[in-house]
Amino acid sequence: MKKLATRAGIVAPSLTLAITAQANKLKAQGVDIVGFTAGEPDFKTPEYIVNAAKEALDKGFTKYTPASGTAELKTAICNKLKRENGLSFTADRIVVSNGAKQSLYNVMQILVDEGDEVLVIAPYWLTYPELIKLNGGVPVIVEAKAENGFIPQIGDIEKAITSKTKAIIINSPNNPTGAVYSEEDIKAIAELCKKYDLWIVADEIYEKLVYNGKKHFSIAGVSEDAYSRTFVVNGMSKAYAMTGWRIGYVAAPTAEAAKAMGSIQSHQTSNPNSVAQYASVRALSEGEDIISGMVEVFAKRRELMLSKFEGIKYVKPVASDGAFYIMVNVEELFGKEICGSVVNSAMELSTVLIEKANVAVIPGECFGADKYIRLSYSLAEDKIVTGVERIGAVINKLK
Ligand code: PLP
């Protein structure tokens with residue numbers, strides 16, 4: 001047999017799968033697992049959005065749409081970007097895709113040539129390096145340290161720039177750290193991108209999930225220059241509890257770039273789901289009070305989770321102000337014997353936690369953050385209490 005293409009071997013398998021498989025196995029055996037692994041809101045999609053989808057079905061809005069999205073949705077996205085982010089876009093610069101993940105893939109397709117380097121800030125969403133590699137690029141990792149609130153230092157980014165650097169991906173509010181970049185952080189990154197002529201890919205999917213009075217800043221809004229080099233990526237999944245509907249979008253710096261992404265998509269997946277597009281128009285046009293109600297619930301859960309960690313030895317949660325994740329430093333546990341197993345990595349700790357405490361967490365190795373585990377607070381308060389107490393019960397026993 002001839003070999004499979006090189007591409008078949010370059011993408012890393014998802015480390016989260018091992019934990020999820022273990023959790024599912026135990027659940028099937030009737031074990032009550034508290035899962036802190038969710039990457040999606042646990043809320044139902046708000047009713048006004050569901051009703052819009054029903055309306056679409058009743059109307060027979062079930063056919064192909066233009067590959068890059070309907071005119072109505074593009075207009076609703078332009079209105080949203082103007083109203084909420086102060087950004088002016090025209091419909092010919094918007095591409096609607098099957099989730100922000102495809103939007104990011106499309107951006108990488110048109111930006112990255114073989115060997116081009118793309119800067120990724122660690123801890124990172126595990127898909128970024130793989131999307132870069134899939135397009136022949138080289139992910140160059142810049143570490144953002146916990147002591148800086150997981151905000152990358154400009155000097156560290158600058159050191160990583162070479163003649164091959166094409167773009168930087170920034171993600172604020174951040175998955176997995178929850179970090180929210182301040183206006184100054186954002187401006188400094190924009191200045192650097194101007195200096196080195198880099199494209200900016202701004203993944204703003206968690207923009208509405210910010211707490212403690214923090215504000216989200218869109219990098220495209222900080223200067224004319226930043227506006228002209230930024231691909232703004234966003235979508236319906238996180239803010240509107242619409243993960244399964246698969247609608248994401250990119251607002252491109254030029255109509256030419258949007259056209260190229262639309263053409264690529266037209267040969268790959270064609271249009272995103274017509275009913276979901278119809279419902280997304282409604283989602284973006286109404287219901288802000290419902291969304292802010294969800295944000296309030298997340299804010300309370302975040303406080304609760306942080307407070308429950310207070311009495312646990314050796315582990316240090318890093319408080320941050322966005323998304324629905326908390327990173328917990330577990331370095332001090334390495335080398336210790338926990339429930340009969342010596343734990344030397346976050347991955348090993350995650351295995352022990354699921355087997356002995358019946359709590360599922362994501363090991364930091366998935367995000368380029370080996371000393372951490374990630375806990376999502378997208379679950380009910382009583383589960384947060386039970387789950388963190390279970391972790392405490394296992395760890396507080398240690399000498
Ligand atoms: N960007 C980040 C940082 C994410 O965490 C996710 C989903 O987990 C996405 C993008 C993709 O979202 P979707 O494809 O559901 O729109």
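Bear in mind the structure is a predicted one, so any value in this text is a computation, not a measurement. Indexing begins at 1, ligand by ligand and atom by atom, following the structure's order.
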Ion pair present between [X] and [Y], side-chain N to carboxylate O less than 4.0 angstrom?
X	Y	result
E332	K313	no
K383	D42	no
K208	E288	yes

Check [X] against ligand 1 and report side chain, backbone, both or neither, counting heavy atoms closer than 4.0 Å.
X	result
M236	neither
Y128	side chain
N171	side chain
S237	side chain
R246	side chain

Distance-only side-chain donor-acceptor flag, Y211 / E303, under 3.5 Å = no
Pick from [options]: the one approaching [atom] most closely through a non-hydrogen atom:
atom	options	value
atom 3 (C) of ligand 1	N174, L126, V233, D203	D203
atom 7 (C) of ligand 1	Q102, E204, K238, E40	K238
atom 12 (O) of ligand 1	T127, T243, I205, I247	I205

Heavy-atom closest contact (K166 atom, L111 atom, distance) = NZ-O, 2.8 Å
Taking only non-hydrogen atoms of G99 and a 4.0 Å limit, the atoms of ligand 1 in range are 14 (O), 16 (O)
Purely on distance, is any nitrogen or oxygen of [X] under 3.5 Å from one on ligand 1?
X	result
K101	yes
Y206	yes
A100	yes

Do the rings of Y372 and F150 sit parallel, tilted or perpendicular, given the 30° and 60° boundaries?
-> perpendicular
Please lay out, stage by stage, how F298 and Y206 fare under the test ring-ring contact (aromatic ring centres under 6.0 Å, His included).
-> CA-CA 12 Å; F298 278 131; Y206 291 96; 9.6 Å; no
Check for a donor-acceptor pair, side chain of N273 on one end and backbone N or O of V275 on the other, with a separation under 3.5 Å.
->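 Yes: the side chain of N273 pairs with the backbone of V275.
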Which protein heavy atom lies closest to atom 11 (C) of ligand 1, and at what distance to 0.1 Å?
->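 Ranking protein heavy atoms by distance from atom 11 (C) of ligand 1, first comes W125 CH2, 3.6 Å.
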Verdict with reasoning, D185 to S182, per side-chain hydrogen bond (donor to acceptor under 3.5 Å, both in side chains) | CA-CA 5 Å; D185 301 327; S182 70; 3.0 Å; yes
